[in-house]
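Working notes, beginning with the structure itself.
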Amino acid sequence: MVDRLANSEANTRRINIVENCFGAAGQPLTIPGRVLIGEGVLTKLCRKKPKARQFFLFNDILVYGNIVIQKKKYNKQHIIPLENVTIDSIKDEGDLRNGWLIKTPTKSFAVYAATATEKSEWMNHINKCVTDLLSKSGKTPSNEHAAVWVPDSEATVCMRCQKAKFTPVNRRHHCRKCGFVVCGPCSEKRFLLPSQSSKPVRICDFCYDLLSTGDMSACQPTRSDSYSQSLKSPLNDVSDDDDDDDSSD
C-alpha cells in the first residue's frame, strides 16, 4: 500500500499541506518515495507539564510541532528519522493513560493518546514503518537511546544528593545521561555524548564518575514509566512556545 501511494497525487497533496502548515521555518518534507501514513494530536510530556503537539507519521520520519492554529498553522518543527526509533509501552497510572515512549539516540520522550485504540494504532504503524525501513536497509535496531527526562514536577529536591531543595533561585537541571532532575552543584561537570551533541553536555556527578571509568551503561535510567506526578492540572496549553524539555538546562 505504501509503495502504491508513494507517487500518487493525493499523497503529494497531503504532504504539501503539512509543509504549508509549518511555513517557511519548516524543513521541506516532499522527497521521492515518502508517504504520509497518518497524523493526529498527542500529549507530549514536556519538562514542565504535558502539552498538546501535532504529530505526523511518514514511512521514514516522524514529524511533530507546536499547535498555533489547529490544522492550519504549526511551528517548532522536529523531524525524527524512524530508523533510529524504538518505542515502549507505558503502564496507565492515574491521569496518565494510553502512553508510550519514543526513544532515539538524540532525544527520548513520552507521549499519550486520547484512547487505547488510538495508542494501539500509533504504535502498530510506527513499528511497521521501522521494521520496513530496517528490512530495506539491512541495518539493525538502535540499542542506544537518550534518557527520558524526569519532569520538573516530580522532583522537589535534587534526585542525587537528596538534600538541595529547588526554589526560584536554586534551579532544576537535567542530567543528559540519566535524565534525573539535579541541582547545580551536583551537575557542574560536562561530558561529550556524541549522539546528543557535538559539544560536552551537562551530566550529574554520578554519571560523570561512571562515564570517566568507561562504564557507559551503568548510569542508564532505570525509570521508564513513572510520571504520576506530572499531570496535576488539565491540559490547556496549545500555544506556540518552546518545548520545555529543549531548554539548555
Side-chain angles (χ1 to χ4, degrees), residues 38-55 57 62 64-67 70 76 78 80 85-104 107-127 145-168 170-183 186 204 206 219-247 249:
E39 62 183 272
V41 177
L42 298 174
T43 298
K44 179 177 179 290
L45 196 59
C46 297
R47 175 179 177 176
K48 293 185 178 179
K49 60 182 177 180
K51 297 182 179 181
R53 295 288 183 255
Q54 183 73 27
F55 281 77
L57 176 63
L62 182 66
Y64 71 92
N66 295 13
I67 302 169
Q70 182 64 47
K76 307 297 181 183
H78 297 262
I80 302 173
V85 168
T86 57
I87 58 176
D88 290 327
S89 181
I90 300 173
K91 295 179 182 178
D92 290 345
E93 191 172 348
D95 292 326
L96 294 171
R97 307 180 64 82
N98 311 314
W100 67 97
L101 296 179
I102 296 175
K103 302 188 295 184
T104 79
K107 185 176 182 178
S108 302
F109 54 90
V111 293
Y112 295 85
T115 67
T117 299
E118 186 179 343
K119 169 186 174 178
S120 177
E121 291 176 349
W122 271 102
M123 292 190 71
N124 287 339
H125 285 305
I126 292 173
N127 276 326
H145 62 83
V148 179
W149 284 19
V150 175
D152 283 2
S153 57
E154 285 199 21
T156 56
V157 299
C158 175
M159 297 177 70
R160 286 304 183 194
C161 69
Q162 300 290 323
K163 296 177 180 179
K165 292 184 178 180
F166 295 121
T167 67
N170 187 28
R171 298 173 54 208
R172 292 172 172 84
H173 303 279
H174 277 82
C175 172
R176 299 306 195 273
K177 184 60 180 174
C178 67
F180 278 16
V181 184
V182 291
C183 65
C186 284
C204 67
F206 177 80
C219 54
Q220 282 289 350
T222 57
R223 310 173 60 205
S224 63
D225 61 354
S226 178
Y227 301 104
S228 59
Q229 300 301 314
S230 62
L231 191 57
K232 295 183 177 180
S233 60
L235 180 67
N236 55 15
D237 187 344
V238 291
S239 65
D240 60 347
D241 60 341
D242 290 325
D243 262 0
D244 293 320
D245 54 352
D246 290 332
S247 162
D249 291 318

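Numbering of residues begins at 1 and proceeds along the displayed sequence.
- Across M123 and S89, no two heavy atoms sit closer than the pair CE-N, 3.8 Å.
- Listed by chain and number, the residues in a side-chain contact (heavy atoms from CB on, under 4.5 Å) with A155 are M159, F166, V181 (sequence neighbours excluded).
- For C175 against V182, the heavy-atom pair with the smallest separation is N-CG2, 4.2 Å.
- Ring orientation note: the planes of W149 and H174 are close to parallel, at an angle under 30° on the 30°/60° scale.
- Closest approach of V85 and I87 over heavy atoms only: CG1-CG2, 3.9 Å.
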Q: Kindly determine whether L62 and W122 satisfy side chain to side chain contact (heavy atoms under 4.5 Å, CB included), including the steps that lead there.
A: CA-CA 11 Å; L62 182 66; W122 271 102; 4.2 Å; yes

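- Note that NZ of K49 is 11.0 Å distant from OG of S153, once rounded to the nearest 0.5 Å.
- Note that CZ of F55 and CD1 of I102 are 5.0 Å apart. Values are rounded to the nearest 0.5 Å.
- The salt bridge (Lys or Arg N to Asp or Glu O under 4.0 Å) search around K103 returns D88, not counting sequence neighbours.
- For the pair C161 and C183, the tightest heavy-atom approach, listed with the atom from each and the gap, is SG-SG, 4.1 Å.
- The heavy-atom pair separating V41 from E118 by the smallest distance is O-OE2, 3.6 Å.
- Here the CD1 atom belonging to I90 is positioned 8.5 Å from the CG atom belonging to L96, to the nearest 0.5 angstrom.
- When all heavy atoms are compared, the tightest approach of C186 to C158 is SG-SG, 3.9 Å.
- Put simply, CZ on R53 and OG1 on T43 are 10.0 Å apart, with the number rounded to the nearest 0.5 Å.
- The OG1 atom of T115 sits 6.0 Å away from atom CG of N98, with the distance rounded to the nearest 0.5 Å.
- When atom types are taken as modelled, the side chain of K119 and the backbone of G99 share a donor-acceptor pair closer than 3.5 angstrom.
- Listed by chain and number, the residues in a side chain to side chain donor-acceptor pair (under 3.5 Å) with D152 are R47 (sequence neighbours excluded).
- For the atom pair CH2 (W100) and OG1 (T86), the distance works out to 14.0 Å, reported to the nearest 0.5 Å.
- Side-chain atoms of S108 and L101, non-hydrogen and from C-beta on, never get closer than 4.5 Å to each other.
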